[in-house]
Amino acid sequence: MSLILLKGFFRKELTQALRDKRMRMLIFALPAIQLTIFGFALKTEVRNVRLSVMGRPGDALLEKVARRCYASGYFIPARIGGDWLSALRSGQAEAILAGPVAGLLADRLGKDKAPLQLLLDASNMQRAQQLENYVAQIAAEELAAYSGQPQAPPQKISVRVLYNPALDSAIFMVPAVMCMLLCVITIILTAMALAREKETGTFETIISAPLRNSEVLAGKTLPYVLLGLLDVPIILGVAELMFHVPLRGPLWELLLAAAVFVFATVAIGTVISTIAANQQQAMMASFLFPAILLSGIMFPIENMPEMFKPLAYLNPLKYFVTLLRGIMLKGMGPQSFLFNIACMGALCAGAVGLAALRFRQKLN
Amino acid sequence: MSPKLRVAASIALKELRHIRRDPFTLAMALGMPVLLVTFFGFIIDFHYKNISVTVFDHDGTPASRRFAQSLGASGYFRLSKAHEGLTPDYALENDKSFSALVINPGFGRDLDKRGAGPSAQLLLDGSDNAKTGVTLGYFQQASAMAFDAARGQRSPPPSSPVSTRFLFNHELNSRWFIIPGLTVVICGLVGILLTALTVAREWENGSMEMLLSTPARPGSIIAGKLAPYLALGFCGVAFVYAAARLVFGVPFCGSHALYAFSCLLFLLAATAQGLFISIATRQQQLAMQFSIVSGLLPSLLLSGFVFPVDSMPLFFRWFTCILPPRWFMETSRDLFLKGAGLADLWPQFLMQALLCAVLLALGLKKFKTDLEP
């Protein structure tokens, strides 16, 4: 295909896409804004749990346990009116630590099997389990210190979380959100731009021009690959400057992964655009929604039932998330890099092939 | 019937005929929500099993073997012995394993010696947010028992001074948590998409201009356009509710009337949001972009669906207040699991109604200014 031809296509598509101010904002500003919001807002650690402590007035030991809980940073005090069940039900409190009924906590030690009771709102069961761990540990330490019991010998095992030792939420989330934003923007941009041409009838004009199918396909889609790739430095800049996400692997690996991914999503967008007009949005939603949910960002993929796992392996976003996290946080090894990029490349080739096929059917 | 209402009704009737002729929209509104909820309800499971641990046993004593064995028996971990020449760093960097347990020489000897440094190390792959925290918790629980096993004691698990009662979800079933939330996300998405795109297409086709040149008032047009989609969305919710109850056995402890009212408020807010987007953009492409940006991503990430709102920094806790799904998320979960009543949920209802009114007013205002020359 001639370079002049391609240049013409590029000029037309880019001019059209960038002419509209709202469109420019969507492509360039919005990903940066969204990454900033999600990067700051999404916290994976447990915070601000409304904890209320109930016991007899003047129970010094119970108060000591309560103070330790509040000092731990996980809990904030909650005032409750009425009984504990309605407090939990209305959300005034998320957790209630209740002292013994029969007397002061200090007096009941050793007499009751479990002198303290923890009442938890377990509708979010993950959070509830973590809370149980925290409170049980704090109470055990504090009560053992009070009664002067020999504490269990300290566990002689050190736990190190590699790549993100401080368990910083932003470092977990930012690479994943980057993938998600790139996916959403490229697919919608391509699919809707192509669909629009079909509706306005300008597509017929191109078909009647003396061009080969492959030339039309390349000319129509490559500009969107370029637009998608222009977003990469923007979101990478936000990740580095705003969130200080490390970049431990080589930059070329990241760029290569991004390029393969953008090719794949543009191809998927092209396939979507060949579907009947009133079904496109539904198709897009029914691609994006599962792609995001099954990418490993929000839910563990390996917990899926075996029969559904192949679906997750067909998701280019999954490989891109693995790659971006691996390259940025781990400086991932060559073996793993090659495996993931090969899988993504294969999916990309499949999507491009499908796009070419659908495109040809539409033209003929 | 007042003339305004009659106009609205006839627009609604026209819209209904439109929908009936387009089986795809009908399928999307009624089928997609229930399909998505069932599908994701089945496959999403928070309980990790078989977290891969590569064991580097440099001690090789019976104690260290018992320690590893006991960890494996906890059911959380799948242990594998490191083969010759593998290093922990290599295993983690190449995703051979999620974590590595390195047992130093002298582990068995120093078991009961006080003051000795750590004789074993657990290395975790910290690039996966969902898994790292859970693994840390599991390991804490399992390692206490594993140390007892290493000492050769068969002591009962150490008794905690705290007895815990998990209320509202006593089986700690993750589906009970996910499905009422999934309902919110999916219904919001369908509500926004349905209106945003149909109305935007009318602008693009020019049929909206035609409608505007008739004596119909903006209020009637909006009411007539929204009502059918609202009804359609509501039927979709009813199917989703049935799937949640019948397929997954999620309990419903609250009042059905309140739930229906809350659903209506939320769907109205979502359709109003879609309408506003389509009036503001008048283009399908932009409408789609804005629907996804303002509908899909925030309702997945900022509504408390998976990432709790309470854990967010203060500014973002305020920021999420302007998102209708954040409020419906609380109402939905509280009604399903906790059996909350109006006395508990009035702030959520108030906010939902307020946001709904604001979105409708915005749409109407934008619509009116567009009419004036």
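Letters A, B, ... are given to chains in the order of the sequence lines, protein chains preceding strands, and every chain is numbered from 1. Predicted model, so just to flag it, every value in this text is computed and none were measured. When reading the values below, keep in mind they use all heavy atoms of this one structure, side chains included, and skip hydrogens, waters and symmetry mates.
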*Asks:* Let me know if B/Leu92 has heavy atoms under 4.5 Å from chain A in its side chain, its backbone, both or neither.
*Replies:* both
*Asks:* Using a 4.5 angstrom heavy-atom cutoff, name the option from B/Leu101, B/Leu337, B/Asn50, B/Leu297 with the most pairs to chain A.
*Replies:* B/Leu297
*Asks:* Under 4.5 Å heavy-atom distance to chain B, tell me which part of A/Leu30 shows up: side chain, backbone, both or neither.
*Replies:* side chain
*Asks:* For each of B/Asp125, B/Val306, B/Ile103, B/Ile292, tally heavy-atom pairs with chain A at distances under 4.5 Å, and name the one with the top tally.
*Replies:* B/Asp125
*Asks:* Determine whether B/Leu172 and A/Gln129 satisfy the following criterion, side chain to side chain contact (heavy atoms under 4.5 Å, CB included), listing intermediate values before the conclusion.
*Replies:* CA-CA 8 Å; B/Leu172 299 175; A/Gln129 277 173 301; 3.8 Å; yes
*Asks:* In Å, rounded to the nearest 0.5 Å, how long is the span from CZ of B/Phe42 to CE of A/Met304?
*Replies:* 13.0 Å
*Asks:* Looking at A/Gln92, A/Lys309, A/Arg89, which has the largest count of heavy-atom pairs under 4.5 Å with chain B?
*Replies:* A/Arg89
*Asks:* How far does CZ of B/Arg165 sit from CG of A/Leu88, to the nearest 0.5 angstrom?
*Replies:* 9.5 Å
*Asks:* Sort A/Asn133 into side chain, backbone, both or neither according to what part of it lies under 4.5 angstrom from a heavy atom of chain B.
*Replies:* side chain
*Asks:* Starting at CD1 of A/Ile297, measure out to CG of B/Leu300 and round the result to the nearest 0.5 Å.
*Replies:* 9.5 Å
*Asks:* Given the options B/Arg317, B/Glu330, B/His170, which has more heavy-atom pairs under 4.5 Å with chain A than any of the others?
*Replies:* B/Arg317
*Asks:* Using a cut-off of under 4.5 Å on heavy-atom pairs, state which of A/Ile76, A/Leu118, A/Val46 scores highest against chain B.
*Replies:* A/Leu118
*Asks:* Let's test your reading of the structure: which of B/Leu36, B/Thr281, B/Val309, B/Val190 forms the most heavy-atom pairs below 4.5 Å with chain A?
*Replies:* B/Thr281
*Asks:* Measure across B/Asp344 and A/Ser86 and return the closest heavy-atom pair with its distance rounded to 0.1 Å.
*Replies:* OD1-O, 4.4 Å
*Asks:* Evaluate the salt bridge (Lys or Arg N to Asp or Glu O under 4.0 Å) criterion for residues B/Lys338 and A/Asp121: first the C-alpha distance (whole Å), next the side-chain angles of each, then the deciding distance (0.1 Å), finally the verdict.
*Replies:* CA-CA 9 Å; B/Lys338 293 188 185 181; A/Asp121 171 358; 2.9 Å; yes
*Asks:* Taking every heavy-atom pair that is under 4.5 Å apart, which of A/Phe337, A/Phe38, A/Tyr74, A/Phe339 has the most such pairs with chain B?
*Replies:* A/Phe38
*Asks:* Relative to chain B, which segment of A/Gln117 carries a heavy atom at a distance below 4.5 Å: side chain, backbone, both, or neither?
*Replies:* both
*Asks:* Show, in sequence, the C-alpha distance, side-chain angles and deciding distance for A/Glu132 and B/Phe166, and conclude whether the side chain to side chain contact (heavy atoms under 4.5 Å, CB included) test is met.
*Replies:* CA-CA 9 Å; A/Glu132 188 204 16; B/Phe166 293 104; 3.6 Å; yes
*Asks:* Can you check whether B/Leu123's main-chain N or O pairs, donor with acceptor, with A/Arg160's side chain at less than 3.5 Å?
*Replies:* no
*Asks:* State whether the side chain of B/Asn94 and the backbone N or O of A/Ser336 hold a donor-acceptor pair below 3.5 Å, judged by distance alone.
*Replies:* yes
*Asks:* Output, in order, the C-alpha distance, side-chain angles, deciding distance and verdict of side chain to side chain contact (heavy atoms under 4.5 Å, CB included) for A/Glu94 and B/Asp310.
*Replies:* CA-CA 11 Å; A/Glu94 205 180 329; B/Asp310 279 336; 3.8 Å; yes
*Asks:* At a heavy-atom separation under 4.5 Å, does B/Phe177 approach chain A through its side chain, its backbone, both, or neither?
*Replies:* both
*Asks:* Which region of B/Phe98, side chain (C-beta onward) or backbone (N, CA, C, O), has a non-hydrogen atom less than 4.5 Å from a non-hydrogen atom of chain A, or is it both or neither?
*Replies:* neither
*Asks:* B/Thr132 versus A/Phe172: any side-chain heavy-atom pair under 4.5 Å?
*Replies:* yes
*Asks:* Given that the side chain runs from C-beta out, which part of A/Met307 has a heavy atom under 4.5 Å from chain B: side chain, backbone, both or neither?
*Replies:* neither
*Asks:* What do the steps show when you test B/Phe40 against A/Phe289 for ring pair (Phe, Tyr, Trp, His ring centres under 6.0 Å), and what is the final call?
*Replies:* CA-CA 10 Å; B/Phe40 288 109; A/Phe289 193 71; 5.6 Å; yes
*Asks:* Is A/Leu311 in contact with chain B via its backbone, its side chain, both, or neither, using a 4.5 Å heavy-atom distance?
*Replies:* side chain
*Asks:* In Å and rounded to the nearest 0.5 Å, what is the CZ to CE distance from B/Phe307 to A/Met298?
*Replies:* 5.5 Å
*Asks:* Of the listed residues (B/Val185, B/Leu302, B/Leu136), which shares the most heavy-atom pairs with chain A below a 4.5 Å separation?
*Replies:* B/Leu302
*Asks:* Side-chain contact test, heavy atoms from C-beta onward, threshold under 4.5 Å: evaluate it for A/Ile292 versus B/Leu296 and give yes or no.
*Replies:* yes
*Asks:* Could you pull out the closest heavy-atom pair between A/Arg127 and B/Ser311, with the gap in Å?
*Replies:* NH1-OG, 3.0 Å
*Asks:* Between A/Leu119 and chain B, which part of the residue has a heavy atom less than 4.5 Å away: side chain, backbone, both or neither?
*Replies:* both
*Asks:* Report the option among A/Val159, A/Asn340, A/Val184, A/Leu167 that has the most heavy-atom pairs separated by less than 4.5 Å from atoms of chain B.
*Replies:* A/Val159
*Asks:* Checking the side chain of A/Asn164 only, and the main-chain atoms of B/Ser127 only, is there a donor and an acceptor separated by less than 3.5 Å?
*Replies:* no
*Asks:* Using a 4.5 angstrom heavy-atom cutoff, name the option from B/Leu124, B/Thr320, B/Leu345 with the most pairs to chain A.
*Replies:* B/Leu124
*Asks:* Do B/Thr164 and A/Leu120 have side chains that get closer than 4.5 Å, going by heavy atoms?
*Replies:* yes
*Asks:* Quick one: pull up OG in A/Ser123 and CG in B/Asp334 and give me the separation to the nearest 0.5 Å.
*Replies:* 6.5 Å
*Asks:* Measure the shortest side-chain to side-chain distance between B/Ile43 and A/Pro305 over non-hydrogen atoms and say whether it is less than 4.5 angstrom.
*Replies:* yes
*Asks:* With a 4.5 angstrom heavy-atom cut-off, is it the side chain or the backbone of A/Pro175 that approaches chain B, or both, or neither?
*Replies:* neither
*Asks:* Between B/Pro313 and A/Lys43, is there a side-chain heavy-atom distance shorter than 4.5 Å?
*Replies:* yes
*Asks:* Return the CZ to CG distance between B/Phe39 and A/Leu293, rounded to the nearest 0.5 Å.
*Replies:* 9.5 Å
*Asks:* With heavy-atom distances below 4.5 Å as the criterion, would you say the side chains of A/Lys330 and B/Asp95 are in contact?
*Replies:* yes
*Asks:* Where does A/Pro290 contact chain B at under 4.5 Å (heavy atoms): side chain, backbone, both or neither?
*Replies:* both
*Asks:* Look at A/Met328, A/Gln335, A/Met180, A/Met332 and state which one has the largest set of heavy-atom pairs under 4.5 Å with chain B.
*Replies:* A/Gln335
*Asks:* Name the option with the most non-hydrogen atom pairs under 4.5 Å to chain B; the candidates are A/Ala128, A/Ala122, A/Gly333.
*Replies:* A/Ala122
*Asks:* Counting only non-hydrogen atoms closer than 4.5 Å, does B/Phe305 touch chain A with its backbone (N, CA, C, O), its side chain (CB onward), both, or neither?
*Replies:* side chain
*Asks:* Between B/Phe336 and chain A, with a heavy-atom cut-off of 4.5 Å, which part of the residue counts as in contact: side chain, backbone, both or neither?
*Replies:* neither
